[in-house]
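Below you'll find the structure, written out as structure tokens, and then a few comments.
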Amino acid sequence: YDRTADEEFTSFVDAVKEAGILEAIRQETGCKRYEYFYPAEKVDAILLVEEWESEAHQKVHMTQPHMADLMRLKAEYILSTTAETLHVQR
């Protein structure tokens, strides 16, 4: 999850949408899910859930030009990031 200043928790996601980054990511080959959520009890947190067809698809995703734009927005709005990888078997 990403931590923001209290008043910025929706501003980051709004900026990502307005820049067209969210739509660009969702159109990438191999992207099955890329969604932001706001925890009910933490007004300074944003949870990102992303699902890719394979680890290779996710690695390519990280090299896309719009990811540099996303990193610039993160530098502006996000105070810290905690990442966890979950492997779900169906």
Is it true that K32 and E51 have a side-chain N and a carboxylate O under 4.0 angstrom from each other?
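Salt bridge present between K32 and E51.
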
Which of parallel (below 30°), tilted (30 to 60°) and perpendicular (above 60°) describes Y36 and F12?
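Judged by the thresholds at 30° and 60°, the geometry between Y36 and F12 is perpendicular.
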
Gap between atom [atom2] of [Y] and atom [atom1] of [X] - 0.5 Å precision:
{"X": "K74", "Y": "L70", "atom1": "NZ", "atom2": "CG", "result": "6.5 Å"}
{"X": "I25", "Y": "L48", "atom1": "CD1", "atom2": "CG", "result": "8.0 Å"}
{"X": "E50", "Y": "E35", "atom1": "CD", "atom2": "CD", "result": "11.5 Å"}
{"X": "H66", "Y": "L73", "atom1": "NE2", "atom2": "CG", "result": "12.5 Å"}
{"X": "Q64", "Y": "D69", "atom1": "CD", "atom2": "CG", "result": "11.5 Å"}

When you group the ILVMFWY residues by side-chain heavy-atom contacts below 4.5 Å and let the links chain together, are V60 and M71 in the same group?
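M71 and V60: separate clusters.
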
Would a hydrophobic clustering, with Ile, Leu, Val, Met, Phe, Trp and Tyr connected at side-chain separations under 4.5 Å, put L79 with Y38?
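Shared cluster, no.
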
Please confirm whether the backbone N or O of C31 pairs with a side-chain atom of R26, one donor and one acceptor, at under 3.5 Å?
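No, because the side chain of R26 does not come within donor-acceptor range (under 3.5 Å) of the backbone of C31.
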
Close side-chain approach of [X] to [Y], heavy-atom, < 4.5 Å:
{"X": "H57", "Y": "H61", "value": "no"}
{"X": "V13", "Y": "F37", "value": "no"}
{"X": "W52", "Y": "E28", "value": "yes"}

T29: partners by side-chain hydrogen bond (donor to acceptor under 3.5 Å, both in side chains), with sequence neighbours left out:
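Applying side-chain hydrogen bond (donor to acceptor under 3.5 Å, both in side chains) to T29 gives none.
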
With sequence neighbours left out, what residues match E76 under side-chain hydrogen bond (donor to acceptor under 3.5 Å, both in side chains)?
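E76 satisfies side-chain hydrogen bond (donor to acceptor under 3.5 Å, both in side chains) with no other residue.
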
Quick one: closest heavy-atom pair of I78 and T81, and the distance?
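Residues I78 and T81, closest heavy atoms: CG2-OG1, 3.7 Å.
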
For E53, look at atom CD and say whether over 12 heavy atoms of other residues, nucleotides or ligands are found less than 6.0 Å away.
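It does: E53 CD has more than 12 such atoms within range.
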
